[in-house]
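Some notes on the structure that comes next.
Quick note: numbers below take in every heavy atom, side chains included, and nothing from hydrogens, waters or symmetry partners. Numbered from 1 within each chain, the chains take letters A, B, ... in sequence-line order. Being a predicted model, the structure only gives us computed values, none of them experimental.
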Amino acid sequence: MSAPKPAKKIVYVVQRFSWVPAYIDTVFTAAARDDKQAAAPVRAFAKRADAEKLRDELEAEARHVVPPYRIGGQNLPGTAKKLTAAFRKLGLEPPADVIEDGYVPSDDDRLVKWWYAVAPTATPEQRAGVWEILGVQFYEVVEVPVGD
Amino acid sequence: MPDTHFVLARLNWRRTPAGFARLPGETRLASFDTRAAADAEMWKRELAAREVVNPFAVGPAPFEQTSMPAPIFRDWLLDAGIDPPKKFDDPAAWAGWWAKSAKKWSADQRAKVWEALDKVRFHAVTERPKLPVVYAVVSLNWQYNDQFHVCDGEGGEVTNVYRSREKAEHDCESSNDIARDIWSENFEDFDDDDPPEFDTRWRQDALADPFAKPKKRRLFDGERFSAVHFYEVIEIELEGNL
C-alpha cells in the first residue's frame, strides 16, 4: 500500500477587483469575462483569518476614498421598497429613479448628480452605508494552490 | 538589520477624459531603508502629479478634497489671498474655478491650497514589515468586443502561486504556449482568412503612470495571438509560514 500523497498546500490571496472605464467619464464598471470579474492579487497569506482581516481593512478604506457614484453597471440588490427604506434609514433621500430601474447606470450621470446633492452633508458613516446598499465589493479572498 | 522598511506606493488614480478618478488600491513603486529617503522621492512624484491634476474635478467639492469644514476652508483660501468661487455652495463649480484661477496664483498660493486638500493625495509612504515574496501566475482577462480582443484593466485570474520565480515563469511560459496552440488550432478549424486580433493598448494604459505625459497612442495594429501574453507573473508579499 503506497503512502498517501501529501495534501497540496494552498495560500489565501487577497485580491482587488478590476474596473474599466464605462460610457461616461466619471464611472467605471467591472472588468469581467464570462461573468467572472478580473482581480489583481494584492498579498498572500498562510492563514485565512489573516487574509480576511486585510480584506476587511482594505474594503473599508476603499469605501472611504471612492465616491459612491464611481462604480456603475451592476444590478441593485433588493426590491425598490427595501432599497428606499435602506436609504431613508441612513438618513438620506433615496435616488428614486435609479432605484426604480433596479440598476446603477453606467451610461448616464443620475447617481453622480444624486451624490453631488447629498455629499455636502453626508457623514462618513452614511457614505459607508451607501456602499453597503449598492452591494459593490472591492476586495475578496481566494484560495490558490502553491505550485511545487 | 531592521525588520521594517518604508514603502512608496502610487495610489490607484486613473486618467479619464473628465480628469482623474481614484479607485481602490495602489501600485508599489520602491522601498527605502529610511523614511526621509522615501518621503523625498514621494514629494518629488507628488509635486509632479499636482502639475497635471485639477483637484476639484475628482469629485464633489470641497468635500472630496478637504477634511476642513467649508467655512474653515473658505477662511484658509482668503488668508492665502485667494477668492473662493462665487458659487461656493455648488459642488460642481469648483473645478471650473480652479481651471480658470489657479494659473493666476503664485506657486506659494497653489501650495497653500494643496496643503489643505488632504483627501487628494497621489502617493503614500508607509512603514511595513519586510516580508518574503511569492509569485502569482495570472490568466489575463481577454474579451471579444465584436471586432477584436481586448484586455483592459489590471489582473485577471490567479491560477497558481510559487515560492520560486523560476518555477512561476516556467508555468507562465508553458501556459502561454498552450493558449497560443489552442488559438492556432481554433483558427485553422474556422478556415478564416482573418485571424483574430488582440489590442494590447488598453492594458498598457491601465498599468501606466497616469500622471506622466500621455504618449501618443499608437494606431491599432492588432497583435496576432502568437505574440500575445495570455498569462503573466505578478510578485506579491507573503505573510505567514507555508
Contacting region of B:Val58 [heavy-atom separation from chain A under 4.5 Å]: backbone

pair B:Pro60-A:Pro120: side-chain heavy atoms closer than 4.5 Å: no

Salt-bridge criterion met for A:Arg16 and B:Glu154 (N-O under 4.0 Å): yes

Side chain proximity check, A:Val66 to B:Pro24, heavy atoms < 4.5 angstrom: yes

Interatomic distance, A:Ser18 atom OG to B:Arg203 atom CZ [nearest 0.5 angstrom]: 7.5 Å

Member of B:Ile236, B:Leu238, B:Val158 meeting the side-chain contact (heavy atoms from CB on, under 4.5 Å) criterion with A:Val11: B:Leu238

Interchain contact, B:Leu242 with chain A, by part (heavy-atom threshold 4.5 Å): both

Segment of B:Asn12 engaging chain A (4.5 angstrom heavy-atom cut-off): side chain

Distance, nearest 0.5 Å, that separates CD of A:Gln15 from CD of B:Glu157: 8.5 Å

Interface residue of largest heavy-atom contact number with chain B, from A:Glu61, A:Lys36, A:Arg63, under 4.5 Å: A:Lys36

Euclidean distance, A:Phe138 CZ relative to B:Leu23 CG, rounded to 0.5 Å: 7.5 Å

Interatomic distance, A:Arg43 atom CZ to B:Leu131 atom CG [nearest 0.5 angstrom]: 6.5 Å

From CH2 (A:Trp19) to CZ (B:Arg14), nearest 0.5 Å: 11.0 Å

Leading residue by heavy atom contact count with chain B [cutoff under 4.5 Å; candidates A:Ala31, A:Ala46, A:Ala122, A:Pro21]: A:Ala46

Residue B:Leu11 versus chain A: region with a heavy atom under 4.5 Å: neither

B:Glu239 and A:Lys53 ion-paired at < 4.0 Å: no

